[in-house]
Amino acid sequence: MKDQKETEQLLSWYDARRRILPWREEPTPYHVWLSEIMLQQTRVEAVREHYARFLRELPDIHALASADEDCYLKLWEGLGYYSRIRNMHKAAVEIEERCGGEMPKTAEELVRLPGIGEYTAAAIASIAFGQPVPSVDGNLLRVWARKTASADNIKAPATVKSARAYYAERISRTRPGDYNQALMDLGATVCLPKGQPDCDRCPWSRCCSAHLDGRELDFPVVPAKASRRVEKRTVFIIHDSSHVLLHRRGDKGLLAGLWEFPGTEGVLTKSSAVQFLQEHGLKPTEIRKLPPAKHVFSHVEWRMTGYDVFADGLSALPLPEDYAAASRTDLEEIYTVPSAFAAFLNSEAIRSLL
DNA sequence: AATACGGGGTT
DNA sequence: AACCCAGTATT
């Protein structure tokens with residue numbers, strides 16, 4: 001093992017400074033797996049509550065494999081990147097059917113499961129099964145870029161390979177999971193992405209090229225981001241006194257399969273909105289413009305115009321399969337409505353639902 | 001190699 | 001408003 005002294009310094013730092021996190025209490029393969037999937041592009045604080053609630057409802061692989069889509073999607077509500085949980089469910093079914101319910105133990109096998117890439121496979125293999133494979137995430141990448149003063153584009157796949165090879169030669173053979181988690185904690189609490197990294201508290205400051213050169217902020221080298229497109233939409237809160245109309249999105253693309261308030265592309269004036277609703281067989285008795293709402297995704301921004309539409313006898317109406325009349329309880333307990341519609345969920349029309 | 005895919009906290 | 005986060009799959 002290369003640079004054993006540095007590895008020991010890192011592990012000592014970890015023993016003293018590691019974060020206390022729920023998924024570190026009892027790192028079973030399922031616990032580690034679930035936490036790693038939830039943590040993909042998602043902050044620790046956002047995961048804590050979802051993690052606990054998810055585990056209460058679906059405590060093991062078998063429970064997840066047997067769960068309905070409604071159930072696991074609802075448990076994922078608010079976390080985003082919903083394909084993560086669809087893939088995890090698929091993988092759970094595969095593990096039940098092909099592996100006798102036992103999680104594969106090597107990174108090579110794990111990476112073949114849906115939703116598990118190089119990073120997650122290595123994280124599970126090292127943390128749950130003690131295999132010496134580096135789990136290179138954004139933290140390990142940033143620490144590596146500074147430690148080696150790498151001028152490579154941090155996002156490029158070839159750069160990730162370099163970092164992986166670097167850590168593979170140095171990872172602790174006795175405590176591989178702790179080695180990986182130590183670097184994650186170091187990146188999250190000391191070797192911060194923005195602002196001044198706290199090099200005084202870093203166990204690797206004396207072997208870090210960027211720090212020794214006083215150039216911490218020159219690394220990592222991050223490419224410019226693609227610009228975001230803007231989409232204008234009109235959203236209808238169609239309701240009577242007890243129910244509101246929901247539409248299930250298609251099974252591909254953004255927010256696939258989730259429930260939304262029905263709407264259409266573009267901005268409709270009140271009169272064209274009334275016409276639009278009538279063309280779709282609805283007879284609004286009252287219509288009222290709502291304050292505009294905006295929702296920003298990574299790659300697209302929605303600018304939404306909303307109308308509060310009172311439609312008598314909504315719950316008695318025959319509806320196509322991808323529509324539903326939801327009660328307040330349904331909204332809270334059954335249908336997964338993504339955060340993009342939070343402004344409308346908070347509208348008076350919804351709040352006054354019986 | 002680039003883009004799609006969520007949501008929210010930080011700066 | 002831009003940046004970032006315990007990334008993966010698809011194009």
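We name chains A, B, ... by the order of the sequence lines, and we start the count at 1 in each one.
- Taking only distance into account, the side chain of Ser339(A) never meets the base of dG7(B) through a donor-acceptor pair shorter than 3.5 Å.
- When heavy atoms are screened at a 4.0 angstrom cut-off, Gly253(A) is found touching the sugar-phosphate backbone but no base atom.
- Between Val300(A) and Ala158(A), it is Ala158(A) whose nearest contact on DNA chain B lies nearer the 5' terminus.
- Using a 4.0 Å heavy-atom distance criterion, Ile37(A) is classed as making no nucleic acid contact.
- Contact between the side-chain N/O atoms of Arg142(A) and the OP1/OP2 oxygens of dC5(C) is found at a separation under 4.0 Å.
- With rounding to whole Å, Glu231(A) atom CD is found 10 Å from dA4(B) atom P.
- Considering only side-chain N and O atoms, His299(A) lies nowhere under 4.0 angstrom from the phosphate OP1 or OP2 of dT3(B).
- Phosphate proximity of dG7(C) to Gln41(A): present, with a side-chain N or O under 4.0 Å from OP1 or OP2.
- Ring-plane geometry between Phe276(A) and His280(A) is classed as tilted, the angle between the planes lying from 30 to 60 degrees on a 0 to 90 degree scale.
- Between His247(A) and Tyr323(A), the ring planes lie tilted relative to each other; the angle falls in the 30° to 60° range.
- Within 4.0 Å (heavy atoms only), Trp302(A) reaches no atom of the nucleic acid at all.
- Nucleic acid contact class of Arg24(A) (heavy atoms, under 4.0 Å, all strands): base.
- Between Trp23(A) and Tyr51(A), the two ring planes are perpendicular [angle over 60°; tilted spans 30° to 60°].
- Within the 4.0 angstrom heavy-atom criterion, base atoms lie near Val44(A).
- Evaluation of atom-type donor-acceptor distances gives a pair under 3.5 Å for the side chain of Thr42(A) against the base of dG6(B).
- Phe297(A) comes within contact range of the sugar-phosphate backbone alone, with a heavy-atom separation under 4.0 Å but no base atom that close.
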Taking only nitrogen or oxygen atoms into account, show me every contact under 3.5 Å that the protein makes with nucleotides 1-3 of chain C, one pair per line with its distance.
residue	atom	partner	partner atom	Å
dA1(C)	OP2	Lys294(A)	NZ	3.4

